[in-house]
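All residue numbers in this chain count up from 1 along the given sequence.
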Amino acid sequence: MGTASTNSTKPAMRDSLIAAAFQLFLERGYEQTTVEDIVTLAGVGRRSFFRYFPSKEDVVFPDHEQCLDDMTRFLAASADSDDPIVRVCGAARLVMRMYAENPTFSVQRYRLTREVAGLRTYELSVVWRYEKTLGDYLRTRWADRRDGTLRANVVAAAVVAAHNHALRHWLRSGGEGDPLAAVDEALEFVRATWSSAPAPDAPAEETEDVVVVITKRSTPMWRVVREVESSLGEG
């Protein structure tokens, strides 16, 4: 009973700190808000803040560590038979789902990061960690390819770019529409471009017959043509 009570209190305190932080960021501005201001509004001690967030920047991105962990476990659970590109696209979809779970918060954070240079830098470091996680997985899967490292780096970057294209469009719209459908469309572009598996319903390539005729240089052309026609069953 005591353990259950403690576990249920922790997320509530964490959420209170996030809510207090964003209320102050929106009212006063990010730079003008201190950690002391946040803990005072949340009604907790300073030590409680740093128990959940190493810095003020981390309270702006409270869900990325968990999402990175989810992505890592998702990729680790991949079977050898899985298409690596399909798998990394599925991993990127986890990130979009995280944003989509709380549209209001996601849009507020997007607007805040556009205004604060330090947060944009922090966000880029988070994006780099996602890309590195995807790249590490792909390099392992393509370790036997001569171009494995290059291919892994390029595909990981393409997946992140496609995801961010859909994400930014959704955030700029104020969170309108279906972000998961948008990211699926963007990621399908990457899959179709880089996957070695054929696209569904792709028409089979037509093959042509090749006939090789060995003859003397002095053989008349009409006889060569007749031999070719005979080989093809024509005439």
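Take Leu26 and apply the side chain to side chain contact (heavy atoms under 4.5 Å, CB included) test, not counting sequence neighbours, and it matches Gln108. In this structure, the salt bridge (charged side-chain N to carboxylate O under 4.0 Å, His left out) partners of Asp147, at least two apart in sequence or on a different chain, are Arg145. Ala182 pairs by the side chain to side chain contact (heavy atoms under 4.5 Å, CB included) definition with Ala166, not counting sequence neighbours. Under the ring pair (Phe, Tyr, Trp, His ring centres under 6.0 Å) criterion, Phe25 pairs with Phe22, Tyr30, sequence neighbours left out. For Phe53, the ring pair (Phe, Tyr, Trp, His ring centres under 6.0 Å) test picks out Phe49, with sequence neighbours left out. In terms of the side chain to side chain contact (heavy atoms under 4.5 Å, CB included) criterion, residue partners of Ser55 (sequence neighbours excluded) are, by chain and number, Glu57, Asp58. Residues meeting the side chain to side chain donor-acceptor pair (under 3.5 Å) test with Asp70, sequence neighbours left out: Gln66, Arg73. Residues that satisfy the side chain to side chain contact (heavy atoms under 4.5 Å, CB included) test with Ala100, not counting sequence neighbours, are Pro179.
A side-chain hydrogen bond (donor to acceptor under 3.5 Å, both in side chains) check over residues 126-138, counting only residues at least two apart or in different chains, returns the pairs His64-Tyr130, Glu65-Arg129, Ser78-Tyr137, Lys132-Asp136, Asp136-Arg139, Tyr137-Arg141. Applying the salt bridge (Lys or Arg N to Asp or Glu O under 4.0 Å) test to pairs two or more places apart or on separate chains, those with a residue in residues 100-122 are Asp63-Arg109, Arg114-Glu123. For residues 148-176, there are no ring pair (Phe, Tyr, Trp, His ring centres under 6.0 Å) pairs, not counting sequence neighbours. Counting only residues at least two apart or on different chains, the salt bridge (Lys or Arg N to Asp or Glu O under 4.0 Å) pairs with a member in residues 22-41 are Arg28-Asp37, Glu36-Arg46.
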